[in-house]
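All remarks here apply to the structure that follows.
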Amino acid sequence: MEIPKTYDPKITEDKWYAHWLKNKFFKSIPDERKPYTIVIPPPNVTGVLHMGHMLNNTIQDVLVRMKRMQGYNACWVPGTDHASIATEAKVVALLKEKGINKTDLSREDFLKHAWEWKEKYGGIILKQLEKLGASCDWDRTRFTMEDDLSAAVIDVFIDLHNKGQIYRGVRMVNWDPEGLTAVSDEEVIHKEVNSKLFYVKYKIDGTADEWITIATTRPETILGDTAICVHPDDERYKHLKDKRVIIPMVNRSVPIIFDTYIDLEFGTGALKVTPAHDINDYNLGVKHNLEVIDTIAANGKMSEAAQFYIGEDRFTVRKKIVKDLEDMGQIVKVEDIKNKVGYSERTNAVIEPRLSMQWFLKMDTISKPALENVLNGEIKLIPEKFVNTYKHWMENVHDWCISRQLWWGQQIPAWYDNKSNTVVCRTKEEAFEKLKLKNSVIKIEDIKQDEDVLDTWFSSWLWPISVFDGFKNPKGKDINYYYPTNDLVTGPDILFFWIARMIIAGYEYRGVKPFSNVYLTGIVRDKQGRKMSKQLGNSPDPIELIEKYGADGVRVGMLLCAPAGNDLLFDESTCEQGRNFSNKIWNAFRLINGWETDVNAKQLDANKIAIQWFDTKFNEQLESINDLYSKYRMSEALMASYKLVWDDFCAWYLEMIKPEFVDGKSLPIDKETYDATIVFFEKILKVLHPFMPFITEELWHLIKERNEKDCIIVAEWPKIKIENKVILNHFEAVMEVVSNIRNIRKQKNISPKEKLQLFEKVNQGDVIKTYDSIIIKLCNLSSFDYVHQKVNGAISFVLKHAEFYVPLSQNIDLEAELERLTKDLNYNKGFLKSVQSKLANEKFVSNAKPEMVENERKKLADAESKIKAIEEQLAGLK
RNA sequence: GGGAGCUUAGCUCAGCUGGUUCAGAGCAUCUGCCUUACAAGCAGAGGGUCACUGGUUCGAACCCAGUAGUUCCCA
């Protein structure tokens, strides 16, 4: 069979994915093995795969595959999130294209459209994950708005309400005028923008021409002012005690209040107070019992209460009112400043602080265990630096606004009668029974359910419990077996949104953590360091990348540039490197596959040694790879595997055992060496499998006849053998000889085909001839002999233990040799000097650890003998 | 405004308990090779004041203080 020179992912990926599915290798059911569990951070149901998903799902798959091979019952639960505000926004936009306004639809009709949309686009992202090779147990796929999960959300709401943890009240919330809903503090993104600071003068009430000047960035809110506030210690305004001022345009008289909240330095030291449209002003209003005039409606346009500009947008009004005030002569000056403005995470609209009736979850007590157990290490955040951020947030946590003025989501199970009685329960019938106790004449038709839905995170915070039916069936087999889960892999941007809240819910509802380790990936940025986003159009399409480089190539590329916890600057070239690596492995297979074996051939000494060496090397590297995995240093584990394969296996081992080529044909290889090589190849495929599932599965089946079930995905992870590592040290010396001779070839322009002679003069230690055959082969030598005297007319080099001579057919360049040896001599003399001065330092000798001093003495001796050898050679040349 | 982190080769990053001439890896670059598995390859080479300034120490990329730049979080 002709095997192509390059690896083609297209013919393997779909084939093996289907094969794995068919054989149910991803499927997990509780058994006697230890579980290893990951729940996927559920992507937005209508979303498409982006680079961030690529990164964290690759990491999850690597972990799951490795644990599966290590004998754990590995279970990776996939699913999607209903993402209320984002999805609703998309549905609204889609309807608008069709000429339908949301406001013209009933709740039921709208939800019908939304479900249609979900059915149509809901599966895309999960299908894309399959392309990546994700080994999720697809039979367990969940959706945060499916019946069981919604029921859990409602139960939790009712339970927390009964416990007194949920309350309803009028509070200042972050209002998204685009999405027409409240959003939580976490959903507001503060950005620094260039603004103008307007200095506006207000007339003191009862005076002819006495004024006070305030500074504001939001003049459109002037119409809602109900006070002016100054600092009690401010000399400039002491005389204004008990005075009132006139609000421009509306001509309302409002008090001047005094409060230490005021920053004397900012603006004029006088603040206009608009309790309806600023959180700080609101707090001042509460404290000083001020009137609240809500001048901006839910859609960001001026309300009736504003009296002017009614129905016009707040930003249009900002310009207009400035002009009008200018005409009235009340603008004193305008300054450019930078300030922070809050934007909605979902719609990017400027957030309007707004008073409204919302539901809140008290966070102070419920969050305690979640803080404690991260601080004491029961739950590990990786990298650790996030513990600080987490701690800070948890210690300053605010009550969580959980109601959203949307339809797509779980409707709040609160019921009202016509006399403002409220009950919280599952059904209207229950509500009727309960309300009857408060209002005996009530009719069931008079009962109305709260219009709002719950924040999406109020369902996803239950995810690790609800995907195992932990609410429906708290003593169930699944929840008992899989919970707490092991690792959670996600981005730090949702540390508070999601991770913290899952931990809270875990302790509240299971009394146990939801997961043991949280691996926080970096954020994927482009080469210029910008976050990849749709708006910027700087994100490559992951599916296109997979087509170009293969899923294995992209997985490797992704991880190569992903140091734990740091943002990663993604560059397509690392995917190319990944693809090249696939090809390297492919060709290693082609080489081995092309060998003929000879059962009668005697095993060469060189091969025997090579096998011993690689066996030891493999174990050493495996140990290190296992260790890196345990520390979640994924990119380093990958790099160690990469070097093990490329350098140790391909560049050294295969070169050492490669049969000689005679008359255009490779000689047969002895059976023993061949078999050992196959075993090694299987081992390295196993180590690579978590990173590169497709090519390793393909080669696993090409290297040996296997039955359908014998797949690498379920093969056993290699075990560590204890080996004598002395051979590794010996090999260091062998490699040094080899690289010196290659260097000579390069410098002297000698073809690798030309055979050379090599002589060794041993200076110290025993003569070890074990490796001679290897050196002969790797250096293409005609002979390798030991001598007692230096060889004249030869190029030489000096290693720690010996001197080497390579006679050349061409004349040696005396000048060049002198220069080279002198350079080497100087280097060693410098080294010697530094060691000598260290040893001459009495404080070093008396304070440093004895091993340290001993080591220095040894270095001294080595350097001295080496210098002696070089000097002799130099003398010989002259 | 408050807090946390980062700064090591052209790029992306390792460097653990201060100790080997400790300054490293991968990529990129340069040079030479279509050598018989792989040019998506092989062989070789160059490249850094470890941000800066002080301090502690026999010894500092590493510990401490300050400065600058930068990123993130919170308000």
Side-chain angles (χ1 to χ4, degrees), chain A residues 3-7 185-186 190 263 266 279-280 340 342 383-393 395-396 398 492-493 495-496 522-523 525 527 529 549 553 560-571 573-574 576-595 628 631 633 635-636 638-640 642-643 646 650-651 654-655 658-666 738-739 742-747 749 751-753 780 827-828 830-835 837-849 851-853 855-856 858-859 862-863:
Chain A
I3 300 162
K5 270 172 100 165
T6 50
Y7 166 65
D185 292 345
E186 289 69 38
H190 296 272
D263 176 1
F266 187 81
I279 180 66
N280 298 310
K340 293 269 180 94
E384 239 175 297
K385 65 178 179 189
F386 287 107
V387 173
N388 274 327
T389 319
Y390 181 86
K391 176 170 180 259
H392 188 256
W393 187 78
E395 283 174 347
N396 297 286
H398 296 109
D493 44 339
L495 185 58
F496 311 129
I523 290 165
R525 298 172 182 279
K527 269 196 109 172
Y549 301 104
L560 276 177
C561 58
N566 284 340
D567 285 0
L568 57 109
L569 303 184
F570 180 77
D571 179 358
S573 68
T574 59
E576 198 179 329
Q577 195 184 344
R579 180 202 58 184
N580 294 356
F581 186 42
S582 306
N583 207 43
K584 185 73 189 175
I585 304 160
W586 183 254
N587 277 289
F589 161 72
R590 282 181 69 221
L591 176 68
I592 298 167
N593 189 56
W595 290 337
L628 290 167
K631 291 173 179 151
R633 297 181 161 218
S635 60
E636 286 174 66
L638 170 59
M639 187 45 74
Y642 179 92
K643 285 198 263 191
W646 200 306
C650 294
L654 289 180
E655 288 302 325
K658 193 157 130 184
E660 260 188 280
F661 214 82
V662 179
D663 299 332
K665 230 189 126 204
S666 164
V738 172
S739 95
R742 282 176 178 167
N743 215 333
I744 289 170
R745 281 187 192 274
K746 172 85 180 171
Q747 276 169 8
N749 224 342
S751 153
K753 286 177 190 168
N780 194 23
Y827 172 87
N828 279 286
F831 175 48
L832 180 71
K833 210 174 152 192
S834 80
V835 178
S837 69
K838 214 175 213 180
L839 283 169
N841 184 340
E842 235 177 83
K843 284 180 176 170
F844 170 72
V845 180
S846 54
N847 289 333
K849 279 178 260 170
E851 321 71 280
M852 208 52 232
V853 180
N855 196 24
E856 289 299 310
K858 195 164 164 286
K859 272 156 60 183
D862 285 351

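Order of the sequence lines sets the chain letters (A, B, ...), proteins ahead of strands, with each chain counted from 1.
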(Q) Of the listed nucleotides (A75(B), C42(B), C58(B)), which one gets closest to any side-chain atom of Asn847(A)? (A) C58(B)
Q: Look through every strand shown and name the nucleotide pairing with C11(B) as Watson-Crick or G-U wobble, where both distances are under 3.5 Å.
A: G26(B)
Q.
Starting the side chain at C-beta, find the nucleotide from A14(B), A37(B), U21(B) nearest to Val835(A).
A. U21(B)
Q.
With a 4.0 Å limit, can you tell me whether Tyr642(A) has a side-chain N or O closer than that to the phosphate oxygens OP1/OP2 of C27(B)?
A. yes
Q) When the distance from CD of Gln747(A) to C1' of G46(B) is rounded to whole Å, what number comes out? A) 14 Å
Q | Residue closer to the 5' end of RNA chain B, Val845(A) versus Pro752(A) (nearest nucleotide) | A | Pro752(A)
**Q.** Span that lies between the P atom of U71(B) and that of A28(B), in whole angstrom
**A.** 29 Å
Q: Using both distances under 3.5 Å as the test, list the Watson-Crick or G-U wobble partner of U36(B), or none.
A: none
(Q) Would you measure the distance from the P atom in C52(B) across to the matching atom in A68(B) and give it in whole Å? (A) 16 Å
Q. Separation of Lys746(A) atom NZ from C33(B) atom P, in whole Å?
A. 8 Å
Q. For the pair made of NZ in Lys5(A) and P in A37(B), what is the distance, rounded to whole Å?
A. 10 Å
Q) Which nucleotide in the list U21(B), A14(B), A25(B) gets nearest to the side chain of Glu636(A)? A) A14(B)
Q) Roughly, in whole Å, what's the span from NZ in Lys858(A) to C1' in U21(B)? A) 15 Å
Q: Dump the intermediate steps for side-chain hydrogen bond (donor to acceptor under 3.5 Å, both in side chains) on Arg590(A) and Asn587(A), then the final yes or no.
A: CA-CA 5 Å; Arg590(A) 282 181 69 221; Asn587(A) 277 289; 2.7 Å; yes
Q.
Looking at G41(B), I'd like to know if its phosphate oxygens (OP1 or OP2) sit under 4.0 Å from a side-chain N or O belonging to Asn587(A).
A. no
Q: With heavy atoms under 4.0 Å as the rule, sort Lys340(A) into base, sugar-phosphate or nothing.
A: base
Q | Other residues, nucleotides, ligands: >12 heavy atoms within 6.0 Å of Glu395(A) CD | A | yes
Q: Considering only atom C1', compute the distance from A25(B) to G69(B) and round it to an integer number of Å.
A: 26 Å
Q: Give a yes/no on whether any side-chain N or O of Arg745(A) is located under 4.0 angstrom from OP1 or OP2 of U35(B).
A: no
(Q) Using Watson-Crick or G-U wobble geometry with both distances under 3.5 Å, which nucleotide pairs with G46(B)? (A) none
Q. Does OP1 or OP2 of U21(B) have a side-chain N or O of Lys838(A) closer than 4.0 Å?
A. yes
Q: Just call it for Lys584(A): base, sugar-phosphate, or nothing, with non-hydrogen atoms closer than 4.0 Å on any strand.
A: base
Q: Could you tell me whether Trp595(A) contacts a base, only the sugar-phosphate backbone, or nothing, with contacts defined as non-hydrogen atoms closer than 4.0 Å?
A: nothing
**Q.** Identity of whatever pairs with U56(B) - Watson-Crick or G-U, under 3.5 angstrom
**A.** none
Q. When the P atoms of G3(B) and U49(B) are considered, how many whole Å apart are they?
A. 34 Å
Q) About how many Å separate CZ of Arg745(A) and OG of Ser751(A), when rounded to the nearest 0.5 Å? A) 7.0 Å
Q. Taking for each residue the nucleotide of RNA chain B bearing the nearest heavy atom, is the 5' side occupied by Val738(A) or by Lys658(A)?
A. Lys658(A)
(Q) OP1 or OP2 of U21(B) versus the side-chain N and O atoms of Lys833(A): is any pair under 4.0 Å? (A) no
Q: Between G5(B), G2(B), G41(B), spot the one nearest the side chain of His392(A), thanks.
A: G2(B)
Q: Using the P atom as the reference point in each nucleotide, state the distance between A9(B) and G55(B) in Å, no decimals.
A: 25 Å
Q) Which value, in whole Å, describes the distance between the C1' atoms of nucleotides U70(B) and A23(B)? A) 24 Å
Q | Closest nucleotide among U35(B), G19(B), C38(B) to the Asn583(A) side chain | A | C38(B)
Q: Using the six-membered ring wherever Trp is involved, compare the ring planes of Phe581(A) and Tyr642(A) and label them parallel, tilted or perpendicular (cut-offs 30° and 60°).
A: tilted
Q) Going by the angle between their ring planes, with limits at 30° and 60°, are Tyr7(A) and Trp586(A) parallel, tilted or perpendicular? A) tilted
Q. At under 4.0 Å between heavy atoms, what does Arg742(A) touch on the DNA or RNA strands: base, sugar-phosphate, or nothing?
A. sugar-phosphate
Q) Applying a 3.5 Å limit to both distances, which nucleotide forms a Watson-Crick or G-U wobble pair with C6(B)? A) G69(B)
(Q) Show the nearest heavy-atom pair for residues Val835(A) and Glu856(A), with the distance to one decimal. (A) CG1-O, 3.3 Å
Q | Sugar-phosphate only, base, or nothing, as touched by Phe581(A) at under 4.0 Å among non-hydrogen atoms | A | nothing
Q) Looking at the side chain of Asn841(A), which of G5(B), C58(B), G41(B) is the nearest nucleotide? A) C58(B)
Q) Counting distance only, does the side-chain N/O of Asn593(A) pair as donor-acceptor with the main-chain N or O of Phe589(A) below 3.5 Å? A) no
Q.
Rounded to whole Å, please give me the gap between CG in Leu591(A) and P in A40(B).
A. 19 Å
Q: Looking at every strand, decide which applies to Phe496(A) at a 4.0 Å heavy-atom threshold: base, sugar-phosphate, or nothing.
A: sugar-phosphate
(Q) If I compare all heavy atoms of Ser666(A) with all of Phe661(A), which pair ends up nearest, and what's the gap? (A) N-CE1, 3.6 Å
Q | Between U67(B) and U7(B) - C1' atom distance, rounded Å | A | 14 Å
Q) In whole angstroms, how far is the P atom of C38(B) from the CD atom of Glu576(A)? A) 19 Å
(Q) Taking only the C1' atom of each, what is the distance from G44(B) to C6(B) in whole angstrom? (A) 36 Å
Q) Can you find a side chain N or O atom of Trp646(A) that sits less than 4.0 Å from OP1 or OP2 on C42(B)? A) yes
Q. Just checking Glu655(A): base, sugar-phosphate only, or nothing, at a heavy-atom cut-off of under 4.0 Å?
A. base
Q: Take atom CG of Asn743(A) and atom P of G32(B), then tell me their distance rounded to the nearest Å.
A: 16 Å
Q) Asn388(A) side chain: which of A14(B), G26(B), G5(B) is closest? A) G5(B)
